[in-house]
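Have a look at the structure below before the remarks.
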There are 2 protein chains.
Amino acid sequence: MMEQLDQTDITILRILQKDSKKTAKEIAKTLNLTSSPVYERIRRLEKQGFIKKYVAILDKKLIDRSITTICQVSMRYHNEAFIEKFEEQIQALEEVQECYHMAGQVDFVLKINTKSLEEYHDFVKYKLSKIENIGVLNSTFVLKDIKHTSEFYI
Amino acid sequence: MMEQLDQTDITILRILQKDSKKTAKEIAKTLNLTSSPVYERIRRLEKQGFIKKYVAILDKKLIDRSITTICQVSMRYHNEAFIEKFEEQIQALEEVQECYHMAGQVDFVLKINTKSLEEYHDFVKYKLSKIENIGVLNSTFVLKDIKHTSEFYI
DNA sequence: TCTGAAACGCACTGCCC
DNA sequence: GGGCAGTGCGTTTCAGA
């Protein structure tokens with residue numbers, strides 16, 4: 001259980017990261033296999049947790065979330081209780097797509113998607129700044145998405 | 001063609017963003033519909049581009065890409081040719097999961113996944129720093145993923 | 001582990017309302 | 001728009017190698 005991945009597993013993961021609608025039959029063809037072993041391997045990769053989930057990727061522009069903002073947050077005090085509270089509250093904010101606790105001077109980096117700059121303003125004013133213990137808050141806007149993928153290099 | 005989304009469309013998109021393996025039948029059930037209209041709407045949402053693709057999300061730790069780094073890059077010169085070249089070269093780097101052209105002093109923000117700090121070092125030394133015209137390069141490491149989703153709030 | 005066959009359910013179509 | 005009924009295909013299971 002949970003042994004290392006062989007080359008066949010890696011190929012399957014690479015394919016499914018790009019297109020999870022590929023059928024076991026199609027994947028089998030590129031691997032010179034039948035669909036049964038491919039199917040079983042996918043099932044095993046799901047069960048072992050290598051594949052966490054399958055999702056649809058939407059077009060940010062079309063669904064009107066065009067504005068992406070990177071926001072750097074530093075806390076005023078750095079005790080456990082404050083940090084945990086902050087993490088909890090951030091997770092609940094729907095506008096926040098990513099949040100990382102960082103090494104270095106800045107404590108957290110957030111990526112936020114909104115409809116407009118005005119909506120971002122409201123987000124900061126009514127939601128983010130309501131969180132206790134935020135010291136410095138520094139927002140910079142994305143001019144252009146150069147690259148954006150959910151794929152990992154394996 | 002390309003009209004506004006109604007509430008049914010939005011519900012379908014919300015569900016598929018969380019779990020694209022949900023069948024039309026299952027989605028239909030939560031909407032008190034049959035599978036035919038749900039199926040047709042999904043097809044339309046794909047064709048209109050609202051749904052860009054379907055992908056498998058892998059576990060970063062299990063596939064050994066545990067180290068996430070945020071790297072801020074500023075260019076030495078800001079002419080069109082240099083910027084385009086930079087964008088092209090970044091897109092080709094497999095370790096780079098995200099790259100944004102920013103407003104403000106920092107020109108680009110990159111998110112990079114590697115197996116180890118050492119591998120990140122090699123990435124900077126042999127790949128990133130080979131790109132022409134990079135002025136300042138500032139790397140900070142992620143201590144913890146607080147939130148990380150491909151979902152948009154719609 | 002893989003192959004091949006067989007069962008089942010869903011995707012997908014066409015017709016009706 | 002949505003419902004209903006049908007067909008083909010992929011998923012899923014299993015015996016055998």
Side-chain angles (χ1 to χ4, degrees), chain A residues 1-59 61-65 149-154, chain B residues 1-59 61-65 149-154:
Chain A
M1 219 266 202
M2 204 64 86
E3 314 93 273
Q4 207 36 42
L5 301 170
D6 65 17
Q7 198 50 51
T8 305
D9 291 329
I10 290 177
T11 304
I12 291 171
L13 290 176
R14 282 199 187 126
I15 292 171
L16 292 177
Q17 273 198 115
K18 287 188 192 301
D19 179 8
S20 62
K21 288 292 184 196
K22 279 258 161 70
T23 65
K25 210 177 174 181
E26 290 174 302
I27 297 171
K29 208 173 164 187
T30 76
L31 287 164
N32 289 319
L33 284 173
T34 55
S35 57
S36 317
V38 172
Y39 173 76
E40 273 160 20
R41 278 168 183 270
I42 292 173
R43 261 313 180 66
R44 197 197 70 233
L45 292 166
E46 291 167 358
K47 195 159 285 175
Q48 293 180 335
F50 289 98
I51 298 172
K52 285 205 294 190
K53 55 182 175 175
Y54 298 94
V55 303
I57 303 294
L58 307 189
D59 188 297
K61 295 234 172 78
L62 290 184
I63 60 165
D64 208 13
R65 296 277 121 188
T149 178
S150 56
E151 283 175 54
F152 292 105
Y153 167 45
I154 50 171
Chain B
M1 219 264 198
M2 204 62 90
E3 315 92 277
Q4 207 36 42
L5 300 169
D6 65 15
Q7 198 50 53
T8 305
D9 291 329
I10 290 176
T11 304
I12 291 172
L13 290 177
R14 282 199 187 125
I15 292 171
L16 292 178
Q17 273 198 113
K18 287 188 191 302
D19 180 7
S20 61
K21 288 293 183 195
K22 279 256 161 71
T23 65
K25 208 177 176 181
E26 289 174 302
I27 298 170
K29 210 174 165 186
T30 76
L31 287 164
N32 289 319
L33 283 173
T34 55
S35 56
S36 320
V38 173
Y39 173 75
E40 273 161 19
R41 279 168 181 270
I42 293 173
R43 260 313 180 66
R44 198 197 69 232
L45 292 167
E46 292 167 358
K47 195 160 287 177
Q48 293 180 334
F50 289 98
I51 298 172
K52 286 203 294 188
K53 55 180 175 175
Y54 298 95
V55 303
I57 303 293
L58 307 189
D59 187 298
K61 294 234 173 77
L62 290 183
I63 60 164
D64 208 12
R65 297 277 120 188
T149 178
S150 55
E151 284 176 54
F152 291 105
Y153 168 45
I154 50 172

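Lettering follows sequence order; numbering is per chain, from 1.
- Computed from coordinates, the Glu26(A) CD to dG10(D) C1' distance equals 10 Å when rounded to whole Å.
- With rounding to whole Å, Glu46(A) atom CD is found 11 Å from dT11(D) atom P.
- Nearest heavy atoms, Gln17(B) versus Phe152(B): OE1-N, 2.5 Å.
- Straight-line distance from the CD1 atom of Ile27(A) to the P atom of dT12(D): 12 Å, rounded to whole Å.
- A 4.5 Å side-chain heavy-atom check between Gln48(B) and Arg44(B) finds at least one atom pair inside the cut-off.
- In this structure, CD1 of Ile42(A) is placed 16 Å from C1' of dT1(C), rounded to the nearest angstrom.
- Atom pair Leu33(A):CG and dC2(C):C1' shows a separation of 7 Å (rounding to whole Å applied).
- Between Leu16(A) atom CG and dG10(D) atom C1' there is a gap of 15 Å when expressed in whole angstrom units.
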How does protein reach along nucleotides 10-17 of chain C, written 5' to 3' as B (base within reach of a heavy atom under 4.0 Å), S (only sugar-phosphate), or - (no contact)? SSSS----
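- Arg41(B) has no side-chain polar atom (N or O) that falls below the 4.0 Å cut-off from OP1 or OP2 of dG1(D).
- The distance between atom CD1 of Ile12(A) and atom P of dT1(C), rounded to the nearest whole Å, is 12 Å.
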Result block: side-chain N/O donor-acceptor pairs under 3.5 angstrom for residues 20-30 of chain A, not counting sequence neighbours:
residue  : atom : partner  : partner atom : Å
Ser20(A) : OG   : Tyr54(B) : O            : 3.2
Ser20(A) : OG   : Val55(B) : N            : 3.2
Thr23(A) : OG1  : Glu26(A) : N            : 3.1
Thr23(A) : OG1  : Glu26(A) : OE1          : 3.3
Glu26(A) : OE1  : Thr23(A) : N            : 2.9
Thr30(A) : OG1  : Ile27(A) : O            : 3.0

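- Regarding Asn32(A), its CG atom lies at a distance of 18 Å from the P atom of dT1(C), rounded to whole Å.
- Between Leu5(A) and Ile154(A) there is no side-chain heavy-atom pair separated by less than 4.5 Å.
- Residue Lys18(B) qualifies as open at atom NZ: its count of foreign heavy atoms under 6.0 Å is 12 or below.
- Using a 4.0 Å cut-off between charged side-chain N and carboxylate O, Arg43(B) and Glu46(B) make a salt bridge.
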